[in-house]
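All values reported here derive from a predicted model rather than from experimental measurement.
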Amino acid sequence: MKYIIGLLFLFLSCVSVNAITKPESILFYYANRPLSDDIFYAFDWIVLDMDNSYLDVLKDKFYMQNKAKLIGYISIGEIEKYRQYFNDLKKFAIGENPMWDSLVADLRNKDYTDFLINVIAKKISEKGFDGFFLDTLDSYQLVAKKEEWIEFQKAEIELIKKLKQKFPDKLIILNRGFEIIDNIYLDVDGVAVESLFYGLDNNRRYIQVGQEERGFLLKQLQKIKTYGLPVIVIDYLDPKETTKARYVVEKISELGFIPYIADKQLSKIGYSKFQIIPRKVVLLYNSSSAPLRQIADIHRLIQMPLEYLGFIPELYDVNQELPEVSPNSGYAGVVSMNLDIRSEKIESWLLQAKDAGLKIFFINDIPFRENSSALAEFGINLIKNKDKKGSKFKMVKKMAGDGFEAPLLIPYTDSLVTVLKGQAVVKLENSSGQLYIPFALTEWGGYAINESFINYAELWVYNPFKIFEQVFKREQFPIPDTTTENGRRILTAHIDGDGFYGNAEFNSLKTTGEVIRDEILKAFPIPHSVSIIEAEIAPWGLYPEKSQKLEQVAKSIFELPNVEPASHSFSHPFIWQFNLPVQFQPTELYYGHNLSIKGYQLNIEREIAGSINYINSLLKDSKKRANLFLWTGDCNPDEEQIRLTYKSRVFNVNGGDTVITQQEPFLSRIAPMGVNYGSYFQIYTPVQNENIFTNLWKGPFWGYINVMQTFELTEKPVRLKPISIYYHYYSGSKQASLNALKKVYNYAISQRVNPVFLSEYAEKVLDFRQTVISKDSESLRVKNAGYLRTLRIPAEFGFPDIKESKGVVGFFTDSGNTYLHLDGSGDYIIKFSKEKPKNFYLISSNGQVESFIKQENTYILKLKAYVPLQLQFEKGMCEVFMKKEEKYAEIKAICPD
């Protein structure tokens, strides 16, 4: 009986220790290159080299939740010559491993193992890793006598137990270690093995593993499975062998192991159980022509349509290192536009992207040298136009849909382009009988030049949404949506700090801050993000005689329950990138670079971190803290300035020029979500402020009412932006501007909206860029930080299967779009059905999901809102009980089998 109880206790111990951390997908990535944010959600565990420089960037990304566990690589049995600590360890070498040009270490030496634990493992822990991957455990077998092996094994057991004792909260994953697993299975969290079906020979060539070796490995792995440990199988294949890799993934999965198919250097994103649906599109631009990337044509004009389609645009300067791209790492395509630079480097990179399977699309320019072999590789013919008279082209063929914003008018050109294979969207003929195809869609993507797609007035000839969908979408996928939550359009409101110190013209006893507080913030209790300019209200600023009152007013605003504090800098820089070449500087600075403060010279860290600290000092008696930094002036910061906001752990917002109106109802007047600067991201305000609608505050001062046109034109025919009320304190200085502001508020709250703070919108934008959508044979998997909680799904998907899905609360259909509501967990499995759900689901609400629990046939949904809660749900065949308060509801639905 004691023996049976002991076995039962042992079994329960194994399950309880390892069930918590069992992953489904693992990435092994040893290249010292940055990984894009979405990759940290595509995998459950990521094994990185301890010296990967991107870890410093990752520390700044305070908003990343639910991301993969990071496992730091440690070579236990070998000493790598390229490590900084090589000279400290080479004395412990007892032989060599010529295959990897490393030294085999004497694990029996206590000084060596102490160094591994107290120096290397400690460094990995301090860098923020969640665990250790212990490699080269069997390397001693290369040089030690067989009778000595037991001594090395005892040393390894002792090492692992000490490691677990010193770092009890860290995961430990072994590479092999079959000889010691019986002694340490309770101390580790997983075992990896290499080369079950395909591996490498001694010359690092890809080979198929023999049956005898595979049989031995399978026997060892089945034994490890009995301990309840996750078993990871790493096989090696040429990255081009996509079909074979997917086949091997299935074979490994069927055996009950976690598959990962890698390249021989483990330097690329390989293949796992979940296949990433590619969403990233590289946008190429030339910083020599556009040193302010915020105004680069490709960013302003191309990014927004791609974002609406669910793609993640990544802006890259062709003068710097270009990324390594493949569909396997989530890349769908490349776009260039007006790329006025030619080089072998660009051509080579484009060819590699094409060969990797990405779709390439050239706009207004084909960026190849005149006699480049790349033209032939893409099947493009470039010939001189024999018609020297400049005659009009004769239309041979055109695809329907032209005239979207402007008519199709092709001007004369000296060079004519044709393509060997593809669909001609526009085909012309000149007076000499030469064919000219300025717009074509091809197997590799396509091109559109000479105003055939977008003209030089930045008006679209063809619908960019339809064209880009046709070019880049390999398959339909759920689109992460930042405009909507729980079926209602998101509403934000935020205030820049300008003019806080002034008095109202219609009431000289009140400052504009008091006017906005009393007549707007209290009258419209939706969430507001409110900023101040430190130099306008602090005693050491511009108005020390008013400071005491101004600070009191600021505190009274920040104390309002519907207000989150934000900074609008210390001295309001009017230009952020003031080191640009002269030709790109503004010709006249009306106010200088920043507000003139006695004894102060512009200091960017003081502007950002210093102003945030000042606001937090005002809030020292409150639980609130500044959540946002709102860019000032031209709102065009550089990478280092954006990084400083990350370092201060606040969201950065402002910039972009969404000012579409009935007078100019064009897509070019709608800005994208923001701009990436390296690994950092500037978030644009969804809609521009009253300064733009009042001709830079020259009048008419009621002009902000025209923003309602912007709200309407970004809602239909498709919803492109949330409703965003954005203005300055000086709107409280004039009766006309204040009345206009009230009309805008009344319009906004009359719509079907879901009000949130601007910081919450910022979270959704960043989450859009890190959301990963992947699939296996049965379902779609969506992972993110849980901030973005809406997916827009194509009609052909049918209805979400609420019962069989994970994290799906309900859905709402409007104007042909179906919006899927997610519970905010950040980990979703989505299945679809042709039939409408018969059980309970949420249709719409102006609140946010606090939690959603499914327990067999019982659903428990909790909702909370910033305003009086409204909700609509389908009870189906369920019995529903609801407890509802003003801003909160708890719904329990008991459904039949």
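Formation of a donor-acceptor pair under 3.5 Å by the T658 side chain with backbone atoms of A671 is found in this model. Side chain of E607 to backbone of S571: a donor-acceptor contact under 3.5 angstrom is found. Looking only at distances, no side-chain donor or acceptor of D814 sits under 3.5 Å from a matching main-chain atom of N817.
Within the 4.5 Å cutoff, the side chain of L630 has heavy atoms near those of the L758 side chain. Between N691 and Y730 there is a side-chain heavy-atom pair separated by less than 4.5 Å. With contacts defined as side-chain heavy-atom distances shorter than 4.5 Å, the pair Y704/S737 does not qualify. Residues L713 and I670 fail the side-chain proximity criterion, which asks for heavy atoms closer than 4.5 Å. At least one side-chain heavy atom of I533 sits under 4.5 Å from a side-chain heavy atom of D498. In this structure the side chain of Y646 reaches within 4.5 angstrom of the side chain of K61, judged on heavy atoms. Contact check for F812 versus N486: no side-chain heavy atoms found under the 4.5 Å cut-off. Taking 4.5 Å as the limit, every side-chain heavy atom of V744 sits out of range of all side-chain heavy atoms of Y727.
For Y63 and Y787, the distance between ring centers is not under 6.0 angstrom. The aromatic ring centres of Y501 and H572 sit 6.0 Å or more apart. A centroid separation of less than 6.0 Å is found between the aromatic rings of F629 and W631. Aromatic pair Y761/F651: ring centres not closer than 6.0 Å.
Both cation-pi conditions hold for R792 and Y308: the charged atom is under 6.0 angstrom from the six-membered ring centre and inside a 45 degree cone around its axis. The cationic group of R293 lies under 6.0 Å from the six-membered ring centre of Y677 and within 45° of the ring axis, placing it in a cation-pi geometry.
A salt bridge is defined here as a Lys NZ or Arg NE, NH1 or NH2 lying under 4.0 Å from an Asp or Glu carboxylate O, and E534 with R606 meets this definition.
With sequence neighbours left out, the salt bridge (charged side-chain N to carboxylate O under 4.0 Å, His left out) criterion links D657 to no other residue. When the salt bridge (charged side-chain N to carboxylate O under 4.0 Å, His left out) test is applied to E605, no partner is found at least two apart in sequence or on another chain.
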Less than 3.5 Å apart, which donor and acceptor atoms pair up between the side chains of residues 543-554 and the rest of the protein, not counting sequence neighbours?
residue: S547; atom: OG; partner: I537; partner atom: O; Å: 2.7
residue: K549; atom: NZ; partner: E514; partner atom: OE1; Å: 3.4
residue: E551; atom: OE2; partner: Y614; partner atom: OH; Å: 2.6

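Between F570 and Y600, the ring planes lie perpendicular to each other; the angle is over 60°, past the 30° to 60° tilted range.
Taking CG of L871 as the start and CZ of R488 as the end, the distance is 9.0 Å to the nearest 0.5 Å. The CG atom of L58 lies 5.5 Å from the CE atom of M64; values are rounded to the nearest 0.5 Å.
Checked against E485 for a side chain to side chain donor-acceptor pair (under 3.5 Å), the options K764, Q848, H821 give a single hit: K764.
Within a 6.0 Å radius of NZ in K884, more than 12 heavy atoms belonging to other residues, nucleotides or ligands are found. In the displayed structure, K510 atom NZ is contacted under 6.0 Å by more than 12 heavy atoms of other residues, nucleotides or ligands.
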